[in-house]
*Asks:* 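What follows is a structure written as structure tokens; I'll ask about it next.
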Amino acid sequence: MNYSGLKGAILLHPMTPFKNKKPQYLHHMPVFMSAGENDLLCSPTESQRLQQLLTQADGDVSIEWGKNGHALTQKEMQAAKKWYHDRF
């Protein structure tokens with residue numbers, strides 16, 4: 001994938017899209033992730049793995065953890081909104 005057109009990303013309960021590939025160098029691209037500690041579809045381990053992959057690719061990764069499962073919460077959306085306004 002080519003990330004050159006992106007200025008940042010908001011990833012809500014993301015899963016690692018490509019199991020055997022590493023992302024390109026992200027050039028300090030800001031990335032916001034939200035994840036649930038009790039998410040049955042995307043485990044905390046999977047979220048941590050993606051965070052690590054993006055950080056190793058030089059992404060500026062922030063992660064918001066909630067006690068919830070896979071459902072989005074108002075708290076996550078507020079955190080994503082604040083993250084966006086702080087950076088853009």
Side-chain angles (χ1 to χ4, degrees):
M1 292 187 70
N2 184 344
Y3 305 110
S4 63
L6 296 177
K7 293 186 187 251
I10 294 176
L11 308 175
L12 306 171
H13 296 255
M15 297 177 188
T16 307
F18 308 109
K19 300 292 183 193
N20 298 320
K21 294 184 180 181
K22 292 184 179 182
Q24 293 179 16
Y25 181 70
L26 297 176
H27 304 280
H28 311 290
M29 179 189 299
V31 177
F32 174 88
M33 289 177 57
S34 69
E37 293 176 3
N38 299 301
D39 193 332
L40 298 177
L41 293 175
C42 181
S43 71
T45 303
E46 180 79 7
S47 296
Q48 291 167 338
R49 183 170 161 240
L50 181 57
Q51 179 187 20
Q52 183 180 27
L53 283 171
L54 296 173
T55 300
Q56 288 172 349
D58 203 30
D60 178 13
V61 183
S62 302
I63 190 163
E64 174 77 21
W65 287 97
K67 303 262 185 230
N68 52 306
H70 198 65
L72 295 176
T73 66
Q74 187 68 27
K75 181 182 174 195
E76 288 175 272
M77 296 309 295
Q78 290 298 324
K81 179 180 176 182
K82 180 180 182 332
W83 175 91
Y84 179 84
H85 285 288
D86 288 350
R87 282 156 186 79
F88 302 103

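The structure displayed is predicted, hence computed values, not measured ones.
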*Asks:* Under the side-chain hydrogen bond (donor to acceptor under 3.5 Å, both in side chains) test, which residues partner Ser62, sequence neighbours left out?
*Replies:*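 With neighbours one apart ignored, the set is empty.
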*Asks:* Could you measure the distance from the CD atom of Gln48 to the OG1 atom of Thr55? Nearest 0.5 Å is fine.
*Replies:*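 Spacing of CD (Gln48) from OG1 (Thr55) equals 11.5 Å.
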*Asks:* Just jot down the side-chain hydrogen bond (donor to acceptor under 3.5 Å, both in side chains) partners of His85, sequence neighbours excluded, or say none.
*Replies:*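 Result, side-chain hydrogen bond (donor to acceptor under 3.5 Å, both in side chains) vs His85: none returned.
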*Asks:* Ignoring hydrogens and angles, tell me if any N or O in the side chain of Arg49 forms a donor-acceptor pair with the backbone of Thr45 under 3.5 Å.
*Replies:*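 No; zero donor-acceptor contacts below 3.5 Å.
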*Asks:* How far does SG of Cys42 sit from CG of Leu11, to the nearest 0.5 angstrom?
*Replies:*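 Going from SG on Cys42 over to CG on Leu11, the span is 10.5 Å.
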*Asks:* What residue pairs, at least two apart or across chains, pass ring-ring contact (aromatic ring centres under 6.0 Å, His included) with a residue in residues 52-80?
*Replies:*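 Sorted result for residues 52-80: His13-His70.
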*Asks:* Are Val61 and Leu53 connected, step by step, through hydrophobic side chains (Ile, Leu, Val, Met, Phe, Trp, Tyr) whose heavy atoms are closer than 4.5 Å?
*Replies:*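 No, because Val61 and Leu53 fall into different hydrophobic clusters, even though each may have its own neighbours under 4.5 Å.
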*Asks:* What ring-ring contact (aromatic ring centres under 6.0 Å, His included) pairs are there with at least one residue in residues 37-61, not counting sequence neighbours?
*Replies:*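 Applying ring-ring contact (aromatic ring centres under 6.0 Å, His included) to every pair that reaches into residues 37-61, excluding sequence neighbours, yields nothing.
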*Asks:* Is Leu41 isolated, or which residues cluster with it under the ILVMFWY side-chain rule of less than 4.5 Å, directly or via members?
*Replies:*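 Hydrophobic cluster check, Leu41: joined to Met15.
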*Asks:* Using the rule that two of Ile, Leu, Val, Met, Phe, Trp, Tyr join whenever any of their side-chain heavy atoms come within less than 4.5 Å, decide whether Leu6 and Leu50 are in one cluster.
*Replies:*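 They do share one cluster, since a chain of ILVMFWY contacts under 4.5 Å joins Leu6 to Leu50.
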*Asks:* If you apply the rule side-chain hydrogen bond (donor to acceptor under 3.5 Å, both in side chains), what do you find for Asn68 with Glu76, and how did you get there?
*Replies:* CA-CA 10 Å; Asn68 52 306; Glu76 288 175 272; 3.2 Å; yes
*Asks:* Is there a donor-acceptor pair under 3.5 Å between the side chain of Glu46 and the backbone N or O of Thr16?
*Replies:*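 Yes, the answer is positive, given that a donor and an acceptor are paired below the 3.5 Å cut-off.
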*Asks:* What pairs with Ser47 under side-chain hydrogen bond (donor to acceptor under 3.5 Å, both in side chains), at least two apart in sequence or on another chain?
*Replies:*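 For Ser47, no residue satisfies side-chain hydrogen bond (donor to acceptor under 3.5 Å, both in side chains) once neighbours in sequence are set aside.
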*Asks:* Could you tell me if the side chain of Val31 sits less than 4.5 Å from the side chain of Asp60, heavy atoms only?
*Replies:*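 No; the side chains remain at least 4.5 Å from each other.
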*Asks:* What I'd like to find out is whether the side chain of Ile10 reaches to under 4.5 Å of the side chain of Leu12, using heavy atoms alone.
*Replies:*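 With C-beta onward as the side chain, the pair touches.
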*Asks:* Let me confirm one number: the CG-CE distance from Asp58 to Met29, rounded to the nearest 0.5 Å.
*Replies:*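 So the gap between those two atoms works out to 10.5 Å.
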*Asks:* What closest approach, in Å, do Gly8 and Phe88 show between heavy atoms, and which atom pair accounts for it?
*Replies:*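 Shortest heavy-atom contact: CA-CZ, 4.0 Å.
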*Asks:* To the nearest 0.5 Å, what is the distance between CE on Met77 and NZ on Lys82?
*Replies:*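 Met77 CE to Lys82 NZ: 15.5 Å, rounded to 0.5 Å.
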*Asks:* For Asp39 versus Pro44, what's the shortest heavy-atom pair and its separation?
*Replies:*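 Closest heavy-atom pair between Asp39 and Pro44: O-CD, 4.3 Å.
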*Asks:* Report yes if the side chains of Gln51 and Met33 come closer than 4.5 Å at any heavy-atom pair, otherwise no.
*Replies:*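 Heavy-atom side-chain distance check passes, below 4.5 Å.
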